[in-house]
Number of protein chains: 2
Amino acid sequence: MASSSSLSLSQAILSRSLPLHGSSNNSQIIPPSQITFSGLKSTTTSALRRRVLPSSIAGAAIKSPAIRASAATETLLKTDTSLVDKSVNTIRFLAIDAVEKANSGHPGLPMGCAPMGHILYDEIMRYNPKNPYWFNRDRFVLSAGHGCMLQYALLHLSGYDAVKEEDLKSFRQWGSKTPGHPENFETPGVEVTTGPLGQGFANAVGLALAEKHLAARFNKPDAEIVDHYTYCILGDGCNMEGISQEAASLAGHWGLGKLIAFYDDNHISIDGDTEIAFTEDVGARFEALGWHVIWVKNGNTGYDEIRAAIKEAKAVTDKPTMIKVTTTIGFGSPNKANSYSVHGSALGAKEVEATRQNLGWPYEPFHVPEDVKSHWSRHVPEGAALEAGWNTKFTEYERKYPEESAELKSIITGELPSGWEKALPTYTPESPADATRNLSQTNLNALAKVLPGFLGGSADLASSNMTLMKMFGDFQKNTPEERNIRFGVREHCMGAICNGIALHSPGLIPYCATFFVFTDYMRAAIRISALSESRVIYVMTHDSIGLGEDGPTHQPIEHLASFRAMPNVLMLRPADGNETAGAYRIAILKSKTPSILALSRQKLPQLEGTSIEGTAKGGYIVSDNSSGNKPDVILIGTGSELEIAVKASDELRKEGKAVRVVSFVSWELFDEQSAEYKESVLPAAVTARVSIEAGSTFGWEKIVGSKGKAIGIDRFGASAPAGKIYKEFGITAEAVIAAAKQVS
Amino acid sequence: MASSSSLSLSQAILSRSLPLHGSSNNSQIIPPSQITFSGLKSTTTSALRRRVLPSSIAGAAIKSPAIRASAATETLLKTDTSLVDKSVNTIRFLAIDAVEKANSGHPGLPMGCAPMGHILYDEIMRYNPKNPYWFNRDRFVLSAGHGCMLQYALLHLSGYDAVKEEDLKSFRQWGSKTPGHPENFETPGVEVTTGPLGQGFANAVGLALAEKHLAARFNKPDAEIVDHYTYCILGDGCNMEGISQEAASLAGHWGLGKLIAFYDDNHISIDGDTEIAFTEDVGARFEALGWHVIWVKNGNTGYDEIRAAIKEAKAVTDKPTMIKVTTTIGFGSPNKANSYSVHGSALGAKEVEATRQNLGWPYEPFHVPEDVKSHWSRHVPEGAALEAGWNTKFTEYERKYPEESAELKSIITGELPSGWEKALPTYTPESPADATRNLSQTNLNALAKVLPGFLGGSADLASSNMTLMKMFGDFQKNTPEERNIRFGVREHCMGAICNGIALHSPGLIPYCATFFVFTDYMRAAIRISALSESRVIYVMTHDSIGLGEDGPTHQPIEHLASFRAMPNVLMLRPADGNETAGAYRIAILKSKTPSILALSRQKLPQLEGTSIEGTAKGGYIVSDNSSGNKPDVILIGTGSELEIAVKASDELRKEGKAVRVVSFVSWELFDEQSAEYKESVLPAAVTARVSIEAGSTFGWEKIVGSKGKAIGIDRFGASAPAGKIYKEFGITAEAVIAAAKQVS
């Protein structure tokens, strides 16, 4: 397979020589010689502490005699406090100290969630710290991303290279690996980019979907090659956001049994007690959505409760599980716990000291006690063993199932099958006119045949967006091996779920669809696609007033401009069949960029001069009767209006004008071209330029210049047959001809 | 009060001479001489039909002998079918015929929802067809806006002037009053603009909030002057959208007892049976959200069930009610009912004929049988009487409570109290530096004192957005008279709820707040503010990389450009205290336009030359050492970067340059100015222009021209202290100086 990708299977396969301890069941695989479980369970001390300090008052004054020993040395503490307590407090203080040093950040969540964090990373999850991209790792998503110091502390303790002590010390500083919210593109070990609330939870649904799909496609009775859990911590804020409801409804519908979400139920959000805005019964809601729901009443010190809940969650295989874990935000801070003041600000030197006193923590900032360090150190060899075990299994799988393993490898490495581009259709001017949404479907179906990781669907508009892959059935609870995803009318989570799918494996290429105007419903998810470098293909049909009678609520106007302004988004508006194929080609090739395809509802002719190659340049000449790179006028069109520019050019040429027609299918791609190429298409000396696009003219001055003219629509649309609106709004060849005469 | 507003109280008061039949209870007020209820209840025939045709098979073949009489005349039918059946079928066929004539539209929902529509508009709701803006009317929202022919048919039958027969016949045509989705700005009688799913339901929550708030503020033990219900029909699509979950959670939290939502449970969405993507238990979910839930199992013909459900809903005064009404989409169409094919396309001539046969409808298209017409005709006099009764009550209220009535009148008419602008603060360069988010709070609190209809809040960021009005408490279930609204982390429904508040009464001015970047979560609602001409003030703080450590997930980049491209949005980015006051002033004055204020987290100095008056022009000169309108260079800044432009000008002037500094606080306002004014600020001859803004440069070519230079950020942000990011990204006075030298 010989992939050079850094995220590749080959990296995993390199460690084959390590000892094998893997097995296909779900329990954690640990070399017995290195660890005993006894030390990890709650000791009598911590059990006593639980009785002494019920969670309801835990935040107020935690001063049990066992903990108050301020002069305690490391050795003394070992006998006073269980190692789990100590590890949990290590996590808390790493968060406290990093936020304090940065004088910026959110200490409250890590202090409250440290117990579940410890149990997940130390006792439950299967991962390899030295290869954060090992394919079969358990995925963890901190949907409440502001609490990122929890995750950084856990990655640090587990042995991930990205988060060394110096990284913790440079929390939230320029160029650090520990930014203010978790960012997958900065910190290996972080799966997705979170912070905007609810997104991470929906990403987790996407990760779990990917696992369920791949497991169904590739596992064999004798080889469970895909087999991991997806864990997520979400907070009150995530639960209030509509996107999490959408995602939870789908997760329940799909029966994602290996998705386990921890709801950090701490009753505090930025505005104070959640009582002021959030009094719904979250547990009952999730049950109504088809989830298994467990309530851990003491999330602060109830380690065994948390462990039991996870065990129970794993036993329920046909439903996702939501574990509501009641915690105290800022647990351990005597004066700030259980208040909004600990949510998003450093504790302050005085309160840090008081918290150290209160939790009996005599160490310097950022110190990890030796016994904690030593305890966690096993994860590096264990992780290597886990991966090696899996690699051995995969070698066996390859031998037995060469076809399946080739497909799976492509998904794991992201290497595209050779010759895949040949599957794309091409057209001649004689090919029948068609809507680009239909041409898109031809491409989707062509790609589905050659790209093993291609899957997707629509937000209840499959028959309008034309997004069904005809050779596949629906991904559903009982048919998870299929590849058509039915998202329902849930655009926002659709985007975020696709982000999760794309970031699960480099070769998974999700697409999703709705009307272009409804990108407004999912813009936050699209932005995170762009930021987190997720190759999601957004198939956005009904891309202008050309949709006609549905009227202004359904007619995009400003949407092209709004995405051209967004960093790392490839906004494509193909004009016909060749450009639609070219758009898909480049969307697949740009492996770290989401693409948005704006596609027509209405029929469009196959134009002379369009091409897949031209599309790749973003802007290119489709016809020209000038010479010496000196046309009298340049007509520029995109998408459905390129046809109008061509018609106008025909008229103008009849009148003797030297006219160049340029297709401007993607501004971003044109921007990437050399100055020479740009000059060859839009020579600086030719200021007579007219653009036409059935959308806002905002931004077009850059292309047409101050002496040119941009024809577009700077008002909302209207409800009428499409042709009538085009005419009334002046999106016509006549308008282009008039403008061309005016400027040239 | 002498208001000249077309939506005003005065119009209502004109009809005082009409007879009074009003009372303050919730039952419908009907002059007994004009109507008997007996004819409106289900007759034996329809009861029999229910038995013969259980709803589960209703769509398949509705051919009871009573209905099959194809040769029936109007007189014969009267004896065969109850008047209710006939009225319901009139609604169905008006929808069928209009969609057929347009060959575009959605007949399925009106055919299924005609019974609940009939009962609402004919038996339950209180309204005055001849004054669609009567203040105390019941509000109705069709959240499933694609089914708008239901509403148009009902408005037509009720006697609204906007929907005459010719309007039905021009459904979905250019310039008609009957566009493809309900639009409040086109069709008096339509309360809000719907179509994008879930929006209308959240609007309805806003309408119900407004009623609860105004009732609590203005009603007296002897004068229930505010007293109406809000009804809403939503579909499966609305219920899948996250926004509806957000809104439902808040409606339950607030205990909006006079909100009654009908869930059209027809099991069909565009992709087919809802089983493929929507299997949650909606009723149980709404119960978990604190709603009262009722299930009407036969929504097709079960009129008494629907009536009983509404009665029960009204009896529950401390919770909103969701009535799940199971219907058959396209009821009556023998071959298309209960399938997606009837959702969004005309039935086709053959199926229309079959449906006429099946439902025994011998009439020509668009015909309203005389007895149905006669039956509905009472709503005009009854509506006038209702309003007159209310007017009499209001006259009495005015006499007894002059202060309250003056406030309420201002809310009803939208007339701003004289001198309100004087409340706005002004600043001098000696005033202390401050963040514009703080300066915004000063303005909010000043306006709260002088504008009786001013209310709003934040999506759980009140203490960051600085949006609390200090003289008021929280609007809550038991303190609805207060004006600080706590939306929780629910940006999307926050915007849509504010749309509902703004469209409830012309003098209600809602504001809402979050971080600027999270406009992405609520963009669909903001767009509908703009389209539906809702004066919502969006208080958007943390408006750039200036927020610092939270990093790129929280730092807006493309957002300014994306809203500048959106029609009818006033995007304002004030630089200091005077401009913040100026921004609020213009936001209040633009009564048909939403405004977005982008505000800084970081401190900014009070600049020389800024003013409220200048802000109103969008772009204006804040300092200039040139003469003859011929500066060497023009430096243009917005918001927090205006300070940088000013600093650069100081340096450049020291070097002898003639430098003009222009504040460009709002592009839209500048666009509205005369050509002369624009030339006086940005003379065409001066091409040496440098702009600076900590956001995307997209669109800035229009202002700086092809020879100028736009300094901005065309990548995602970073997590670091703000000053460091500014420096690293080159958003500095040094960069402006260098650019100025380069271009001049």
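Computed from a predicted structure; not experimentally measured. Sequence lines set the chain letters: A, B, ... in the order given, protein chains first and strands last, and positions in each chain run from 1.
Both the backbone and the side chain of A/E241 come within contact range of chain B, with heavy atoms under 4.5 Å apart. For A/I526, no part sits under 4.5 Å from any heavy atom of chain B, backbone or side chain. Interface residue A/S696: only side-chain heavy atoms are found under 4.5 Å from chain B. Heavy-atom distances place the backbone of B/P556, and not its side chain, under 4.5 Å from chain A. Only the side chain of B/F518 comes within contact range of chain A, with at least one heavy atom under 4.5 Å from a heavy atom of that chain. Contact of B/A718 with chain A is made through the side chain alone, with heavy-atom distances under 4.5 Å. No part of B/F286 comes within reach of chain A, as not one of its non-hydrogen atoms sits under 4.5 angstrom from that chain. Contact of A/L250 with chain B is made through the side chain alone, with heavy-atom distances under 4.5 Å.
Counting heavy-atom pairs under 4.5 Å between each of A/T279, A/D281, A/D550, A/L289 and chain B puts A/D550 at the top. Counting heavy-atom pairs under 4.5 Å between each of B/G290, B/S706, B/P567 and chain A puts B/P567 at the top. Of the listed residues (A/L468, A/I270, A/D460), the greatest number of heavy-atom pairs within a distance under 4.5 Å of chain B belongs to A/D460. Of the residues considered (A/S464, A/C493, A/S244, A/P721), A/P721 shows the highest number of contacts with chain B, using heavy-atom pairs under 4.5 Å. For chain B, the option among A/K477, A/E246, A/H253 with the highest count of heavy-atom pairs below 4.5 Å is A/H253. Between chain A and the options B/S104, B/A284, B/G272, B/G551, heavy-atom pairs under 4.5 Å are most frequent for B/S104. The candidate with the highest count of non-hydrogen atom pairs below 4.5 Å against chain A, out of B/G548, B/S269, B/S463, is B/S269. Per-residue counts of heavy-atom pairs under 4.5 Å with chain B were compared for A/I243, A/V489, A/V517; the largest is that of A/V489. Comparing B/S532, B/G195, B/C148, B/P196 by heavy-atom pairs within less than 4.5 Å of chain A, the highest count is held by B/P196. Highest contact tally toward chain A, considering only B/E275, B/Q199, B/E287, is held by B/Q199 [criterion: heavy-atom pairs under 4.5 Å]. Of the residues considered (A/G488, A/A459, A/P552, A/G180), A/P552 shows the highest number of contacts with chain B, using heavy-atom pairs under 4.5 Å. Heavy-atom pairs under 4.5 Å with chain A peak, among B/A247, B/A248, B/S249, B/G252, at B/S249.
Here the CD1-CD1 distance, from B/I713 to B/I725, works out to 8.5 Å after rounding to the nearest 0.5 Å. Summarising the geometry, atom CD belonging to A/Q476 is positioned 10.5 Å from atom CD1 belonging to A/I485; distances are rounded to the nearest 0.5 Å.
Ring planes of A/W700 and A/W667: perpendicular class, angle over 60° (limits at 30 and 60°).
Here the side chain of A/N465 pairs a donor or acceptor atom with the backbone of A/T514 at under 3.5 angstrom. B/R172 places no side-chain N or O within 3.5 Å of a backbone atom of A/A720 that could act as its donor or acceptor partner.
Residue B/H554 forms a ring pair (Phe, Tyr, Trp, His ring centres under 6.0 Å) with just one option from A/H181, A/H106, A/H146, and that option is A/H181.
For the pair A/R523 and A/F563, the cation-pi criterion (under 6.0 Å, within 45° of the ring axis) is fulfilled.
Residues B/G145 and B/T194 approach most closely at CA-OG1, 3.4 Å, considering heavy atoms. What you find for A/R527 and B/Q555 is that their closest heavy atoms are NH2-O, 3.0 Å. Between B/L197 and A/Y521, the closest heavy-atom pair is O-OH, 2.7 Å.
Using a 4.5 Å heavy-atom cutoff, the side chains of A/Q173 and A/P179 are not in contact. With contacts defined as side-chain heavy-atom distances shorter than 4.5 Å, the pair B/Q245/A/E280 qualifies.
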